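What you see is a predicted model, and the numbers here were worked out from it, not measured in a lab.
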Amino acid sequence: MQNDVAVHVVDDDVAVRKSLAFLLASEGLPVRLHESASAFLDDAPSVEAGCIVTDVRMPGIDGIELIRRLKERGIALPVIVMTGHADVPMAVEAMKEGAIDFLEKPFGDEVFLAAVRSALARQERNSHHGAQVAEIQGRFDALSERERQVLDGLVAGKANKMIAYDLGISPRTVEIYRANVMAKMQAKSLSELVRLALLIEAK
């Protein structure tokens, strides 16, 4: 788990914040407490890893609006919403907005901890994937314009002769560019090269 990971508890009820902080700390999970969604958003620039546990109904910015604002800022941490029985429809709406889970109060300690651990594992997977895509993007950015044109042709399933015809160059020249693309993208096969290119497109 990353060193800067933390479980961010966002709840206007001080008793809930304290009880969840105690539970998380007893399991060795770093926790940061926020008395409102606004307070969390003020701290958001320093938030890099972990997950968010928030009450769905809070004064000012509620849990659903918090999720929307996180998306607007490009903060992709997993969000778990807590809800009272009467607020289940709000929790479902929160999940449609991007929350990964909701816990109906009162919930047991193990149910809460299992949800948090799942969220943290998900964030770590996403973080590793993001780092991988960023590295591949860096390789792609190092390609020349002509090399990118050849790559586009390969991803489209075109043979060297067809790419050569499209670009007005010889098939032998396409082979040279293709070899350069494979080397710069660190791809050992055409299938791996296509997979890397599609990862970048899917960003």
Side-chain angles (χ1 to χ4, degrees), residues 1-8 41 44-52 54 63-81 91-102 114-203:
M1 191 175 293
Q2 301 165 47
N3 293 331
D4 53 358
V5 70
V7 181
H8 298 270
L41 290 169
S46 64
V47 174
E48 296 180 5
C51 69
I52 301 165
T54 179
I64 296 172
E65 182 61 24
L66 172 60
I67 294 169
R68 290 177 181 143
R69 296 198 186 190
L70 291 172
K71 285 197 292 187
E72 288 173 1
R73 296 188 183 194
I75 298 172
L77 297 190
V79 179
I80 300 168
V81 295
V92 173
E93 185 180 350
M95 292 189 74
K96 289 179 180 178
E97 289 290 339
I100 64 164
D101 201 355
F102 76 86
V116 167
R117 290 192 185 104
S118 176
L120 291 174
R122 178 174 178 151
Q123 194 276 330
E124 192 162 12
R125 287 195 303 272
N126 290 346
S127 176
H128 289 162
H129 176 74
Q132 179 190 31
V133 172
E135 181 185 348
I136 296 166
Q137 181 68 54
R139 300 176 201 169
F140 177 80
D141 291 343
L143 299 179
S144 68
E145 183 178 356
R146 181 65 88 189
E147 287 166 348
R148 291 183 191 184
Q149 291 171 338
V150 170
L151 175 59
D152 288 342
L154 294 171
V155 171
K158 295 179 179 179
N160 286 358
K161 288 183 179 179
M162 180 58 70
I163 297 172
Y165 177 81
D166 290 343
L167 299 179
I169 57 180
S170 71
R172 174 59 185 156
T173 303
V174 171
E175 289 177 13
I176 294 170
Y177 279 121
R178 177 172 170 163
N180 290 343
V181 170
M182 296 281 284
K184 288 184 178 180
M185 293 296 290
Q186 298 177 31
K188 297 181 179 64
S189 65
L190 178 58
S191 62
E192 184 180 3
L193 180 65
V194 171
R195 181 181 64 81
L196 294 176
L198 292 177
L199 270 175
I200 296 171
E201 285 184 14
K203 270 203 321 177

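- Residues forming a salt bridge (charged side-chain N to carboxylate O under 4.0 Å, His left out) with Asp152 (at least two apart in sequence, or on another chain): none.
- Taking each heavy atom of Gly63 and Thr54 in turn, the nearest pair found is CA-OG1, 4.3 Å.
- Taking 4.5 Å as the limit, every side-chain heavy atom of Ile52 sits out of range of all side-chain heavy atoms of Ile80.
- Of the inter-residue distances, the one linking Lys96 atom NZ with Ile67 atom CD1 reads 13.0 Å to the nearest 0.5 angstrom.
- Other residues, nucleotides and ligands place more than 12 heavy atoms under 6.0 Å from the NZ atom of Lys71.
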Run the side-chain donor-acceptor check on residues 172-184: report pairs under 3.5 Å with partners two or more places apart or on a different chain.
unit_1: Arg172; atom_1: NH1; unit_2: Glu175; atom_2: OE1; d: 3.2
unit_1: Thr173; atom_1: OG1; unit_2: Ser170; atom_2: OG; d: 2.8
unit_1: Arg178; atom_1: NH1; unit_2: Asn160; atom_2: OD1; d: 3.1
unit_1: Lys184; atom_1: NZ; unit_2: Ala142; atom_2: O; d: 3.3
unit_1: Lys184; atom_1: NZ; unit_2: Glu147; atom_2: OE1; d: 2.9
unit_1: Lys184; atom_1: NZ; unit_2: Glu147; atom_2: OE2; d: 3.3

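- The only option from Gln137, Gln132, Arg139 that meets the side-chain contact (heavy atoms from CB on, under 4.5 Å) definition with Glu135 turns out to be Arg139.
- Rounding to the nearest 0.5 angstrom, the gap separating the CE atom in Met162 from the CG atom in Leu167 is 11.5 Å.
- Atom CZ in Arg73 sits 4.5 Å away from atom CG in Leu41 (nearest 0.5 Å).
- Using a 4.5 Å heavy-atom cutoff, the side chains of Glu124 and Val5 are not in contact.
- Using a cut-off of 4.0 Å between Lys/Arg side-chain N and Asp/Glu carboxylate O, Arg69 and Glu97 are scored as not salt-bridged.
- Within the 4.5 Å cutoff, side-chain heavy atoms of Ile163 are placed close to those of Leu154.
- Look at Arg68 and Glu72 and you find no salt bridge, because none of the NZ, NE, NH1 or NH2 atoms lies under 4.0 Å from a carboxylate O.
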- Item | Worked check of side chain to side chain contact (heavy atoms under 4.5 Å, CB included) between Val79 and Met95 | CA-CA 9 Å; Val79 179; Met95 292 189 74; over 6 Å; no
Side-chain donor-acceptor pairs under 3.5 Å in residues 189-198, sequence neighbours left out?
unit_1: Ser189; atom_1: OG; unit_2: Ser191; atom_2: OG; d: 3.0
unit_1: Ser189; atom_1: OG; unit_2: Glu192; atom_2: N; d: 3.2
unit_1: Glu192; atom_1: OE1; unit_2: Lys188; atom_2: N; d: 2.9

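- Just one residue in the list Asp101, Val7, Leu77 forms a side-chain contact (heavy atoms from CB on, under 4.5 Å) with Cys51, and that residue is Val7.
- Annotation for Gly50 and Pro78: closest pair O-CD, 3.4 Å, computed over non-hydrogen atoms.
- In this structure, Val150 and Leu143 have side chains that are not in contact, with every pair of non-hydrogen atoms separated by 4.5 Å or more.
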